[in-house]
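Values below: every heavy atom of this structure, side chains too, minus hydrogens, waters and symmetry copies. These numbers come from a predicted model, not from an experiment. Heads up: numbering here begins at 1 and tracks the sequence.
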Amino acid sequence: QAHVVESGGGMVESGDSLKLSCAVSGFNLEYYSIGWFRQAPGKEREGVACVSSSDGKAYSADSMKDRFTGARDMTKNTVYLQMSGLKPEDTAVYYCAASGVWNSCSFPLIEDFFSSWGQGTQVVVSP
């Protein structure tokens with residue numbers, strides 16, 4: 001059974017960096033892309049980054065390309081979201097999810113293409 005677990009969230013200050021992890025089990029990263037999403041209080045969930053199954057290439061939303069990037073470690077069955085230059089508006093619950101749909105890393109990410117969602121990890125950025 002496909003399963004993902006996020007970790008690495010916490011409280012940081014504006015300008016700090018943070019690396020989130022998405023540990024996967026029950027499926028092979030060679031065949032599933034991993035998307036990173038976030039949901040801020042009172043806002044809809046949005047896709048922020050994605051790591052493609054075919055070649056491990058990372059994609060990010062245009063507004064975050066210079067600060068957020070994804071990566072994967074096949075030996076650890078883990079996908080990461082590296083965030084830098086964090087701002088208070090980055091405060092959100094961050095989720096990872098798996099997709100076996102072709103081209104699912106095309107932005108904007110389509111949530112319906114992603115299944116096996118994790119419980120999320122909270123990131124709070126103070127001014």
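The distance from atom OH of Y32 to atom OG of S116, rounded to the nearest 0.5 Å, is 7.5 Å. Between K57 atom NZ and R72 atom CZ the span is 13.0 Å, to the nearest 0.5 Å.
Taking all atoms of both residues into account, the shortest heavy-atom contact from G35 to F114 is N-CE2, 3.5 Å. The two atoms that bring S52 and S33 nearest to each other are CA-OG, 3.5 Å, heavy atoms only. In terms of heavy-atom proximity, S21 sits nearest to T78 at CB-CG2, 4.1 Å. The minimum heavy-atom distance linking V125 with K87 is given by the pair CB-O, 3.2 Å. Here the shortest heavy-atom pairing between T69 and S60 reads CA-OG, 3.9 Å. What you find for I34 and C96 is that their closest heavy atoms are CG2-CB, 4.1 Å.
Within the 4.5 Å cutoff, the side chain of L18 has no heavy atoms near those of the D16 side chain. Inter-residue side-chain proximity for Q122 and T91 is flagged as met; some heavy-atom pair is nearer than 4.5 Å. Side-chain contact check for W117 versus E6: every heavy-atom pair is 4.5 Å or farther apart. Y59 has its side chain out of reach of K65: every pair of non-hydrogen atoms, C-beta onward, lies at least 4.5 Å apart. No side-chain heavy atom of R67 sits less than 4.5 Å from a side-chain heavy atom of M83. At a threshold of 4.5 Å between non-hydrogen side-chain atoms, the residues P88 and S126 do not count as touching. Using a 4.5 Å heavy-atom cutoff, the side chains of L109 and F37 are in contact. Using a 4.5 Å cut-off on side-chain heavy atoms (C-beta onward), L81 and V48 make contact.
Two rings, from W36 and F68, have their centers 6.0 Å or more apart.
Hydrophobic side-chain contacts under 4.5 Å tie V124 into a cluster, directly or through other members, with M11.
Residues passing the side chain to side chain contact (heavy atoms under 4.5 Å, CB included) test with S25, sequence neighbours excluded: H3. Take S84 and apply the side chain to side chain donor-acceptor pair (under 3.5 Å) test, not counting sequence neighbours, and it matches no residue. Checked against salt bridge (Lys or Arg N to Asp or Glu O under 4.0 Å), E46 has the following partners two or more places apart in sequence or in another chain: R38. With sequence neighbours excluded, no residue forms a salt bridge (Lys or Arg N to Asp or Glu O under 4.0 Å) with D55.
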Run the side-chain contact (heavy atoms from CB on, under 4.5 Å) test on S17 and Q82 for me, step by step, so that the C-alpha distance in whole Å, both residues' side-chain angles and the decisive distance to 0.1 Å come before the verdict. CA-CA 8 Å; S17 296; Q82 179 68 54; 4.0 Å; yes
Verdict with reasoning, T121 to L20, per side-chain contact (heavy atoms from CB on, under 4.5 Å): CA-CA 8 Å; T121 185; L20 306 183; 4.1 Å; yes
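By the criterion of side-chain heavy atoms lying less than 4.5 angstrom apart, applied directly or through intervening Ile, Leu, Val, Met, Phe, Trp or Tyr residues, M64 is grouped together with V79 in one hydrophobic cluster. If you chain together hydrophobic residues whose side chains sit under 4.5 Å apart, V5 and V51 never meet in one group.
Under a cut-off of 6.0 angstrom, the local environment of CD in E89 is crowded, with over 12 non-hydrogen atoms contributed by other residues, nucleotides or ligands. Shown here is Q39, whose CD atom has more than 12 heavy atoms of other residues, nucleotides or ligands within 6.0 Å.
Within the structure, the ring-ring contact (aromatic ring centres under 6.0 Å, His included) test picks out no pair touching residues 80-112 (sequence neighbours left out).
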